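Everything on this sheet refers to the single structure shown next.
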Amino acid sequence: MFETEFINEFFKDLSPREVGLFFVFLALLVGGKWVVMLVLRIAAKKRPSLKDRVIPAANSILNWLTFYGSILLFLLYFSKQKWLFYTLYTSGDLDVTMFLIIVAFMIVSLGYQIARMIIKFIMPSVYDFYDVDRGLSYTLNRIIYYLILFAALAFSFSTVGLDLTAIGAIFGVLGIGIGFGMRNIAANFVSGIIILFERPIEIGEMIQLDGKIGKVERIRLRSTIVRTAKEGTLIVPNQHFIEQVIKNRTGSEMMASVTVSITYGTDTEEVERLLKIAVEQQKGHFEGILDFPEPDIRFVNFRDKALDFLVEVPVVNFDTKEKVESRLRHSIAELFWKHGIELASAYIERGEY
């Protein structure tokens with residue numbers, strides 16, 4: 001019954017001519033946006049400096065204006081239609097209509113767009129002016145984003161007659177019932193806030209967890225995104241960073257490390273000499289091998305039927321580390337075969353650094 005009445009009200013005073021004119025105005029609005037962008041792109045060909053910053057910013061702003069302009073055109077064009085103000089439901093003394101729901105949607109969407117615009121186009125200049133580091137700027141961006149979005153949601157709920165006090169009470173009752181089931185989610189959420197403010201790890205840093213080395217790409221309220229070279233993207237719960245020991249590799253040298261195990265009776269001095277030759281061979285092939293500190297070659301351990309040597313070469317990053325370790329193994333295998341050096345178990349394994 002309700003749906004039938006609403007549909008009847010929708011088409012009652014609406015003529016095909018009015019609908020057609022609305023789409024004509026909408027096409028003019030979208031066409032104006034494309035004309036402005038075309039003019040800017042032509043201007044950017046003469047001034048390349050406009051291409052990197054002005055064009056993306058102008059495109060984002062024009063998309064935003066076109067979207068909200070279309071909604072405002074819709075509201076203004078059909079403002080005299082009864083269906084737009086047809087009462088969908090009543091909340092206290094407030095009659096909620098389609099008009100109010102559209103306005104509430106615009107408020108949330110506008111808050112989201114404003115937050116993105118501030119973070120993308122305004123805050124970078126502020127951070128550059130005050131020399132704010134990358135980790136702190138990311139934290140401030142998250143705070144700005146959530147504050148604006150929560151404020152927009154609260155205002156939109158009030159617009160459509162939803163009582164925020166009642167909603168809070170409902171969530172409070174539900175929280176008691178499902179609190180035990182969601183304790184891990186809550187713990188990760190709180191851990192995310194601690195990470196954002198305390199900043200034990202920051203965006204762009206290299207960390208090692210569970211033997212894997214990766215780069216921190218994004219810190220969210222529940223989890224952190226870490227990209228590794230081999231395992232791909234890891235989604236790590238934030239609680240892991242608070243409760244476990246995490247190695248931050250950003251401030252330390254990255255070492256390409258290879259462990260070699262040879263049989264008893266082998267000339268250890270000869271083995272060390274060959275390992276030095278293998279390192280020197282690779283230093284000429286990789287720009288990522290550092291000159292300081294010097295490569296370290298050590299006789300590190302006696303094992304059952306094996307003698308262990310460790311080769312460590314300083315490198316600039318994780319990608320170079322993997323490549324240098326592979327090439328070192330090739331060189332060592334070739335030199336050992338030529339000089340009759342026998343491996344203890346017929347393999348070379350990578351040591352842990």
Side-chain angles (χ1 to χ4, degrees), residues 200-202 204-216 226-234 236 240-353:
I201 58 171
E202 298 183 8
E205 290 188 334
M206 299 294 297
I207 62 172
Q208 179 176 339
L209 66 158
D210 297 333
K212 304 177 182 67
I213 297 177
K215 184 177 181 180
V216 179
V226 179
R227 182 174 295 279
T228 64
K230 288 186 176 181
E231 290 79 11
T233 300
L234 303 179
V236 185
H240 186 85
F241 294 99
I242 303 300
E243 296 181 348
Q244 304 295 324
V245 177
I246 305 297
K247 294 181 180 179
N248 192 326
R249 292 292 191 180
T250 304
S252 61
E253 296 101 355
M254 184 69 67
M255 305 295 287
S257 180
V258 174
T259 297
V260 182
S261 298
I262 61 173
T263 58
Y264 275 102
T266 306
D267 185 348
T268 55
E269 295 291 343
E270 176 68 6
V271 170
E272 186 168 326
R273 186 184 70 83
L274 294 176
L275 293 177
K276 289 181 179 178
I277 293 174
V279 171
E280 290 299 323
Q281 287 177 347
Q282 298 311 315
K283 287 182 71 174
H285 289 82
F286 285 96
E287 295 181 358
I289 295 179
L290 302 177
D291 294 328
F292 183 84
E294 290 291 329
D296 190 13
I297 300 172
R298 303 193 306 274
F299 182 6
V300 292
N301 196 20
F302 290 95
R303 288 193 298 118
D304 185 22
K305 299 181 181 180
L307 306 173
D308 290 341
F309 286 79
L310 176 64
V311 181
E312 290 183 327
V313 180
V315 294
V316 293
N317 54 41
F318 182 73
D319 292 336
T320 304
K321 172 183 183 298
E322 297 273 299
K323 294 176 183 178
V324 170
E325 287 174 347
S326 175
R327 292 308 311 169
L328 275 174
R329 293 187 181 99
H330 282 293
S331 295
I332 292 170
E334 181 182 0
L335 288 169
F336 279 12
W337 179 78
K338 288 181 178 179
H339 292 80
I341 304 297
E342 184 179 351
L343 299 178
S345 300
Y347 70 93
I348 305 175
E349 67 176 11
R350 182 178 66 186
E352 296 297 332
Y353 171 68

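Predicted model only: the values in this text are computed from it and were never measured.
Atom CG in Asp267 sits 9.5 Å away from atom CZ in Arg273 (nearest 0.5 Å). Expressed to the nearest 0.5 Å, how far CZ of Arg327 lies from CD1 of Ile332 amounts to 11.5 Å. Here the CG-CZ distance, from Asp308 to Arg303, works out to 4.0 Å after rounding to the nearest 0.5 Å. Taken to the nearest 0.5 Å, the OH atom of Tyr264 stands 14.5 Å off from the CD atom of Glu342. Here the straight-line distance linking atom OG1 of Thr259 with atom CZ of Arg329 works out to 8.5 Å at 0.5 Å rounding. Remark: Glu312 CD to Arg298 CZ distance equals 5.0 Å, nearest 0.5 Å.
Asp296 places none of its side-chain heavy atoms less than 4.5 Å from the side chain of Met255. Residues Val300 and Phe309 fail the side-chain proximity criterion, which asks for heavy atoms closer than 4.5 Å. With a 4.5 Å cut-off on side-chain heavy atoms, Val279 and Leu328 count as touching. Looking at heavy atoms from C-beta onward, Val271 lies out of side-chain contact with Phe299 at the 4.5 angstrom threshold. Under the 4.5 Å side-chain criterion, counting only non-hydrogen atoms from C-beta, Ser257 is in contact with Leu310. Counting heavy atoms from C-beta outward, Gln282 and His330 have side chains that stay 4.5 Å or more apart. Taking 4.5 Å as the limit, some side-chain heavy atom of Ile207 sits within range of a side-chain heavy atom of Val226. Between Trp337 and Leu343, the closest side-chain pair of non-hydrogen atoms is not below 4.5 Å.
The pair Lys321-Glu325 meets the salt-bridge criterion, with a side-chain N (NZ, NE, NH1 or NH2) lying under 4.0 Å from an Asp/Glu carboxylate O. With salt bridges taken as basic N to acidic carboxylate O contacts below 4.0 Å, none links Lys276 and Glu280.
Considering all non-hydrogen atoms of both residues, Ala278 and Ser331 come closest at CB-CB, 3.9 Å. Residues Ala344 and Thr263 come closest through the heavy atom pair CA-CG2, 3.6 Å. Between Ile289 and Lys283 the shortest heavy-atom distance is CD1-CA, 3.8 Å.
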